Amino acid sequence: MKQALVQLLEKSIQTGIGQGVLPPPSPTHIEVELTKDPGHGDYASNVAMILAAQAKKNPREVAKILSERIEDRDGLLDRVEIAGPGFLNFFIRKTGFASLLESVDRQGDRYGSSDQGQGRRVQIEYVSANPTGPLHIGHARGAVVGDVTANILEAVGYRVFREYYINDAGNQMNNLGKSLLLRYRELLGEKVEFPEGCYRGEYIRELAAELLKRDGDRHLQEKPEALVPLFTDYAAGAILEGIREDLRIFGCVFDRYFSERELYRDDGVGKLLRELEEKDFVYREGETLWFRTTAFGDEKDRVVVRQNGDPTYFAADIAYHQNKFQRGFESAIDIWGADHHGYIPRMSAAVQALGYEKEALKVVLVQLVNLLREGKPVAMSTRSGEFVTLREVVDEVGRDAARYNFLMRRSDSHLDFDLEVAKKQSNENPVYYVQYAHARICSILRIATERGYTVPTFDRADLSLLQLPEEIDLVKAITRFPEVLEGAARTLEPHRVTFYLNDLAALFHSYYNKNKVISEDGALTGARLFLSRSVLTVLQNALKILGVSAPEKM
RNA sequence: GCGCCCAUAGCUCAGCUGGAUAGAGCAUCAGACUACGAAUCUGAGGGCCGCAGGUUCGAAUCCUGCUGGGCGCGCCA
């Protein structure tokens, strides 16, 4: 509907320009919006006021010129009014709305999708936690935001590739190996001291116990220099396996787990740095190599190879991002914790130095999560091993509630996650509100069937019977769904889908309480069943994108 | 000190890349089941959109300054 109105306006502007009453060029972007106040019609546009500036005319006058030139061939409009400072208010014929449900019926589980992305290839990287311990609640938000953003992009026609970057080449890994070795020795009766930087979580002790059970004490016979790498590999492998399993249970499946070590194979990082040095993006200062990120607006240059010869994390990251684009992705999206925001300028600089557009890399920052229980903060610290794991959260509150809760805020806003509230199966927990609407419609359709009704086909349904304000509001809301997905994809804001779902569910609950879907009037029942099933379809499609189940009974 | 993010109802937050009278949930108060599911609905109260300027037909939204909070500023990851 919106699109149809935009086209009507475009044509009328063209006509006006042709007749010389409006100056060229026509605006690139015409806005038509749903109105809040029924007195302002169903849709409204502000083009006249925008045109007025360049036409040097009174906005209301421009609005008049436009409205007189609108050719409504399909008979969508009841009337067009000029209001306020120069708004064009469109009043849609009551019968015009119902026809919008045709596309829901026709597209079914594809309703809402589009080809906005035109098959462009996008790589999205998220979670990417070091395999030094199990995922905790802080990682969970990034996981859901990444997963749902990917789902949204897929729905609007991008070819999306989901990736988890494993930092398995640095110092942290060494510490992990040492930590495991210490626990292993401890289990064999040695007294051990834990140096700074080692991990003391209970999970290390469990790994050590498993290793001991499997292999006995024979590892202590190894050569000392081989010992730590061996324990590192064992620990990282086992922990990563656990991470993958936790993510799978949480509904996050990746196309690839990309190992940092791969970047160092065949001296890949070294080669890249030499290339950049030839192009003068990298320079030497003694043994240290610096990346000239200031050339792209960073506040200071950054070290890529330390004085001791070790490459920094940043060096590997440059190589990783080059690798992304070399694999043919037109754009890359990184989902980071907000505490990494200072890293954006240098990463952006690196992408540009590699010869790619600045816009090719988009970074979404996800604010930290405050974990609460009954309003009181739960203390967490990875090093000391005190934390609530992702797995524990999912086990306690369930996957649906956990995912939905992480999508109830804008990503860059802090989020309080209260375990007790998320667990409650009550009105404090919005996920049930939406799921209940779904279950309720399923129930209506079941009972309709029992009473001998079937949902009519679009051709056989008399949708002109849907005249109530609540019915028209529902139709409007349904037609908004594709636009919501488009907007969520454009801005990378998955929370928009959640808020939309709440709105749609609210409209249906309200409608349901006020009106009977199933009645003695066969034609009316048919029309209302058709509407209800349209709502059901949208609820299902949207919940699927959120990775939340749509139960038929609760 | 510099940089990024945030500030909207008592609380938690939306506000669709500038639109008309700023919305929702929770909490409070008052109501609705002999019903297609009450995990629902209806109504009421509640606001200097942090403060002060600016841009324009029009600002919660854009710009500047200030106040208050979060986070970052390493040859750590």
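Proteins come first, then strands; the chains are lettered A, B, ... in the order of their sequence lines, and each starts at number 1. Everything numeric in this text was worked out from a predicted model, so none of it was measured.
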Original post:
Base, sugar-phosphate, or nothing: which does A:Pro59 touch, judged by heavy atoms less than 4.0 Å apart?
Top reply: nothing

**OP:** Report the base-pairing partner of B:U17 (Watson-Crick or G-U wobble, both distances below 3.5 angstrom), or none.
**Re:** none

Original post:
Nearest-Å distance, CE (A:Met49) to P (B:A59)?
Top reply: 12 Å

Original post:
Does any non-hydrogen side-chain atom of A:Ile13 lie less than 4.5 Å from one of A:Leu51?
Top reply: yes

Subject >> Whether A:Ser128 side chain and A:Tyr165 backbone form a donor-acceptor pair below 3.5 Å >> reply: yes

**OP:** Side chain of A:His341 only, please: which of B:A39, B:G19, B:G3 is the nearest?
**Re:** B:G3

Original post:
So what does A:Ala439 hit on the nucleic acid, given a heavy-atom distance under 4.0 Å: a base, only sugar-phosphate, or nothing?
Top reply: base

Subject >> Side chain of A:Glu299 - closest among B:C16, B:C2, B:A14 >> reply: B:C2

**OP:** Go ahead and name the base partner of B:U64; Watson-Crick or wobble counts if both distances stay under 3.5 Å, otherwise write none.
**Re:** B:A52

Original post:
OP1, OP2 of B:C13 versus side-chain N and O of A:Arg496: anything below 4.0 Å?
Top reply: no

Original post:
Where the side chain of A:Thr491 meets the backbone of A:Gly487, is there a donor-acceptor pair that is under 3.5 Å apart?
Top reply: yes

Original post:
Does any residue of residues 399-423 of chain A have a heavy atom under 4.0 Å from RNA chain B, and if so, which ones, in number order?
Top reply: A:Arg409, A:Arg410, A:Asp412, A:Ser413, A:His414

Original post:
Can you tell me the Watson-Crick or wobble partner of B:G3, both distances under 3.5 angstrom?
Top reply: B:C71

**OP:** Sort out for me which residue in A:Lys362, A:Lys324, A:His340 forms a side chain to side chain donor-acceptor pair (under 3.5 Å) with A:Asp334.
**Re:** A:Lys324

Subject >> A:Gln435 and A:Asp400: side chain donor to acceptor below 3.5 Å >> reply: yes

Original post:
So which one's nearest nucleotide on RNA chain B is more toward 5', A:Leu365 or A:Asn167?
Top reply: A:Leu365

Original post:
Would one find a side-chain N or O of A:Tyr433 under 4.0 angstrom from OP1 or OP2 of B:C41?
Top reply: yes

Original post:
For the side chain of A:Asn46 and the base of B:G19, is some donor closer than 3.5 Å to an acceptor across the two?
Top reply: yes

Original post:
Under 4.0 angstrom, heavy atoms only, what part of the nucleic acid is A:Asp339 near: base, sugar-phosphate, or nothing?
Top reply: sugar-phosphate

**OP:** Could you let me know what B:G45 is paired to, Watson-Crick or G-U wobble, both distances under 3.5 Å, or none if it's on its own?
**Re:** none

**OP:** Kindly say whether, by distance alone, the side chain of A:His340 makes a donor-acceptor pair under 3.5 Å with the base of B:G72?
**Re:** no

**OP:** Determine yes or no for a side-chain-to-main-chain donor-acceptor pair under 3.5 angstrom, with A:Ser179 supplying the side chain and A:Tyr199 the backbone.
**Re:** yes

Original post:
Reckon A:Arg302 has a side-chain N or O less than 4.0 Å from the OP1 or OP2 of B:G74?
Top reply: no

**OP:** Would you kindly check whether a donor in the side chain of A:Asn89 faces an acceptor in the base of B:A20, or vice versa, at under 3.5 angstrom?
**Re:** yes

**OP:** Would you mind classifying the nucleic acid contact of A:Lys553 as base, sugar-phosphate or nothing, using non-hydrogen atoms under 4.0 angstrom?
**Re:** base

Original post:
For A:Tyr313 and B:G74, is the shortest distance between a side-chain N/O and OP1 or OP2 below 4.0 Å?
Top reply: no

**OP:** Measure from the side-chain heavy atoms of A:Lys300 and tell me the nearest of B:A77, B:G74, B:A39.
**Re:** B:G74

**OP:** Please check if the side chain of A:His438 supplies one atom and the backbone of A:Pro551 the other of a donor-acceptor pair under 3.5 Å.
**Re:** yes

**OP:** Whole angstrom is fine here: how far is it from CG in A:Asn513 over to C1' in B:C36?
**Re:** 11 Å

Original post:
In whole angstrom, what separates A:Asp310's CG from B:C76's C1'?
Top reply: 12 Å

Original post:
Looking at B:C75, does its base get a donor-acceptor pair with the side chain of A:Thr288 below 3.5 Å?
Top reply: yes

Subject >> Charged tip of A:Arg292 within 45° of A:Phe281 ring normal and under 6.0 Å >> reply: no

Subject >> Backbone N/O of A:Met49 and side chain of A:Asn46: donor-acceptor pair under 3.5 Å >> reply: no

Original post:
Whom does B:C26 pair with, Watson-Crick or G-U wobble, provided both distances fall under 3.5 Å?
Top reply: B:G10

Subject >> A:His509 or A:Arg446, whichever maps to the more 5' nucleotide of RNA chain B >> reply: A:Arg446

Original post:
If we require ring centres under 5.5 Å and near-parallel planes under 30°, does A:Tyr436 stack on B:G37?
Top reply: no

Original post:
Does B:U34 pair with anything, Watson-Crick or G-U wobble, both distances under 3.5 Å, and if so, with which nucleotide?
Top reply: none

Original post:
Taking only side-chain nitrogens and oxygens of A:His495, does any of them come within less than 4.0 Å of OP1 or OP2 of B:G15?
Top reply: yes

